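A short write-up of the structure that comes next.
If you're wondering where the values come from, they're calculated on a predicted model, not measured in any experiment.
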Amino acid sequence: MIFRRRASIHTAGRSIFTSPDAQGPSLGSCQPHTHIMFLKTHKTASSTVLNMLYRFGEERNLRFALPLGYQLGYPLPFNAHRVKGYRGRGAMEYHIMGNHMRFNKPEVEKVMPADTFYFSIIRNPVALAESSFAYYKEVAPAFRKAKTLGDFADDPRKYYDPRLRNNHYARNVLLFDFGMDHNANFSEALARRAEQMIRQTFKLILVSEYFDQSMILLRHALCWPLDAVVSFSLNARQQKPSILGGMSGSWVGKVATAAGVGGKGGRSQAKTATNVTEEQREKLRQWNALDWHLYKSFNRTFWEEIHRFGHAQMEEEVALLRMRREDLARVCLRDGGKPVEAHRIRDKNIRPYQSGLVKILGYELQPGLDNATRTSCLRMIRPEIQYKDVLDAKQFLRPLMAQAQPVQQNQGLMVAAGNSLLRQDSFRTGERPFGGEAGRRTVEEVERDWARSRSVRRNQTLLGEPDKGRMR
């Protein structure tokens, strides 16, 4: 057995983050991976995973392939010049890449070394649709037109127009994030081909519904200490009845194993928090048939990995991870670690960005922490946008200024060449000067996440700026 008596949280003269428990069970003589590419998919707990990468890299002074804004050109297929400071293949060593992008392997390989470890995370398309409908309700025209997710599920084509920007969130968004044509008509041959393309590049595909098991597999794959994969849930949402057709008011999103996905069957048996009927869920599976194929296939692979790992060992290591999370929550977080609404967080620098018609929750730090412990705890709860700004300031040696607000992007659709599964839409090349030649800035340097742009006023309120409207 690998269980030990729980270490005292407050060891005299030593931070909990330097205790022996921080390392976890021995991984043998392997060396930690430091060249890592994480494809950050949407609404899959990927923000929590990115936080782990940010922490690991910051603690070890690794170099990040950071975006010019907050995403790597999304929803355009990734281009290497979207990385801030990129000067050509091999000109600089990058260790970690993980911000949102639409995957484009040839361009990624221009930035990341040959020995890079590629991984990503997926989620049941029905649960993903529920989350996306709430989060992108104001952004995706297809969702905006539908009163409830059930209405959308009953007749998706009534609301969905593939020509409209942001509608990629409403159909096969996983496949879209992996860089392929999410509007293609489903066929087994096409789905298997997409699956094979992903397998050729990505060494590990995690499953959101089994987050803790995923973290154990990731820890062993990367040869990382236990604390590197211990996390608190970020981007958790407080749900709203009118959005999804019957949500309860309780908060969701705790990082823990859902009692959901069958190891072999692939279909989630977890209870959902909506009034969407089983018939409507089946319609959502059919509407997202390419994503559903990917989910079933990689879910089977995931459980095959656990079988090889050993079910007993997995149970023991998951128990240790959860115990460690509880210990860190007691030390780091106020009020037992329960997420709170952003406007209730006293420190505006750790208030999560708001999007859609649901409230994104965050955390407050425990008062009275010593400096070292407070620094480590802060890293665990710092929201994604603020964390990116901190890393950007450190990496490019500039003072951290007040967070800039997103600017509406004016971009057409672009696809990566050489992939027959991609839609052949218009290309845009080069960079247009912004603000005159003297400014030496490009439009890419002022582009921000257009999907968040509708929430600017609400976030100005949360950041303490003058309120010209009421936060909803």
Side-chain angles (χ1 to χ4, degrees), residues 40-47 71 74-75 100 102 122-177 181-184 208 235-249 252-253 272-277 279-292 295 352-360 406 408-409 411 413 423 449-459 471-472:
K40 187 178 187 294
T41 51
H42 284 78
K43 314 315 299 173
T44 57
S46 61
S47 291
Q71 300 191 115
Y74 193 87
H100 276 309
R102 191 177 186 198
I122 61 173
R123 184 180 184 183
N124 186 311
V126 176
L128 196 157
E130 292 169 349
S131 182
S132 295
F133 189 86
Y135 197 83
Y136 299 115
K137 174 69 171 169
E138 293 182 292
V139 173
F143 290 157
R144 194 162 58 240
K145 294 176 184 177
K147 184 177 180 180
T148 68
L149 179 60
D151 290 341
F152 177 82
D154 282 334
D155 189 3
R157 296 190 183 278
K158 175 181 177 181
Y159 305 100
Y160 183 80
D161 183 342
R163 300 168 297 179
L164 297 183
R165 190 172 71 177
N166 295 0
N167 263 349
H168 65 278
Y169 292 117
R171 189 179 195 191
N172 292 313
V173 67
L174 288 176
L175 196 76
F176 182 90
D177 288 351
D181 180 8
H182 66 129
N183 284 314
S208 177
N235 240 14
R237 68 182 191 207
Q238 185 181 60
Q239 309 215 15
K240 210 172 182 182
S242 61
I243 304 302
L244 298 175
M247 300 301 297
S248 69
V252 296
T272 63
T274 73
N275 281 344
V276 177
T277 66
E279 181 182 359
Q280 290 168 334
R281 292 184 187 117
E282 181 58 33
K283 289 179 179 179
L284 287 171
R285 284 187 279 266
Q286 294 174 6
W287 175 246
N288 297 284
L290 291 166
D291 275 6
W292 180 237
Y295 182 77
Y353 204 94
Q354 301 299 299
S355 180
L357 298 181
V358 291
K359 295 178 180 178
I360 307 302
Q408 183 86 8
Q409 294 187 17
Q411 302 176 145
L413 294 177
R423 292 183 64 85
D449 180 3
W450 47 263
R452 296 188 177 102
S453 62
R454 294 175 179 269
S455 303
V456 169
R457 179 169 297 176
R458 189 139 46 110
N459 284 283
M471 184 179 70
R472 291 171 293 181

Say you draw a straight line from [atom1] of [X] to [atom2] of [Y]; how long is it, rounded to the nearest 0.5 Å?
X: Thr277; Y: Glu282; atom1: OG1; atom2: CD; answer: 10.5 Å
X: Leu174; Y: Asn288; atom1: CG; atom2: CG; answer: 8.5 Å
X: Trp292; Y: Asn172; atom1: CH2; atom2: CG; answer: 13.0 Å
X: Arg123; Y: Tyr295; atom1: CZ; atom2: OH; answer: 9.5 Å
X: Thr148; Y: Phe133; atom1: OG1; atom2: CZ; answer: 6.0 Å
X: Lys137; Y: Lys147; atom1: NZ; atom2: NZ; answer: 10.0 Å

Pick one: which of Trp287, Phe152, Tyr169, Phe143 meets ring pair (Phe, Tyr, Trp, His ring centres under 6.0 Å) with Tyr160?
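When ring pair (Phe, Tyr, Trp, His ring centres under 6.0 Å) is applied between Tyr160 and each of Trp287, Phe152, Tyr169, Phe143, only Trp287 qualifies.
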Would you say the side-chain atoms of [X] pair up with the backbone N or O of [Y], donor to acceptor, closer than 3.5 Å?
X: Asn183; Y: Pro162; answer: no
X: Ser46; Y: His42; answer: no
X: His182; Y: Arg171; answer: yes
X: Asn167; Y: Ala142; answer: yes

Smallest separation among heavy atoms of [X] and [Y], with atom names:
X: His100; Y: Tyr74; value: O-CB, 4.2 Å
X: Leu164; Y: Pro141; value: CD1-CB, 3.8 Å
X: Gln280; Y: Ala153; value: O-CB, 3.7 Å
X: Leu290; Y: Ala184; value: CD1-O, 3.7 Å
X: Arg281; Y: Glu130; value: NE-OE2, 4.4 Å
X: Ser47; Y: Lys40; value: OG-NZ, 3.2 Å

Taking the side chain as every heavy atom from C-beta outward, state whether Asp155 and Arg157 have any atom pair closer than 4.5 Å.
yes
With the side chain counted from C-beta on, respond yes when Thr41 and Ile122 share a heavy-atom pair under 4.5 Å apart, and no when they do not.
no
Just checking, any donor-acceptor pair under 3.5 angstrom between side chains of His168 and Tyr136?
no
Carboxylate-amine/guanidinium proximity below 4.0 Å for Arg102 and Asp177
no
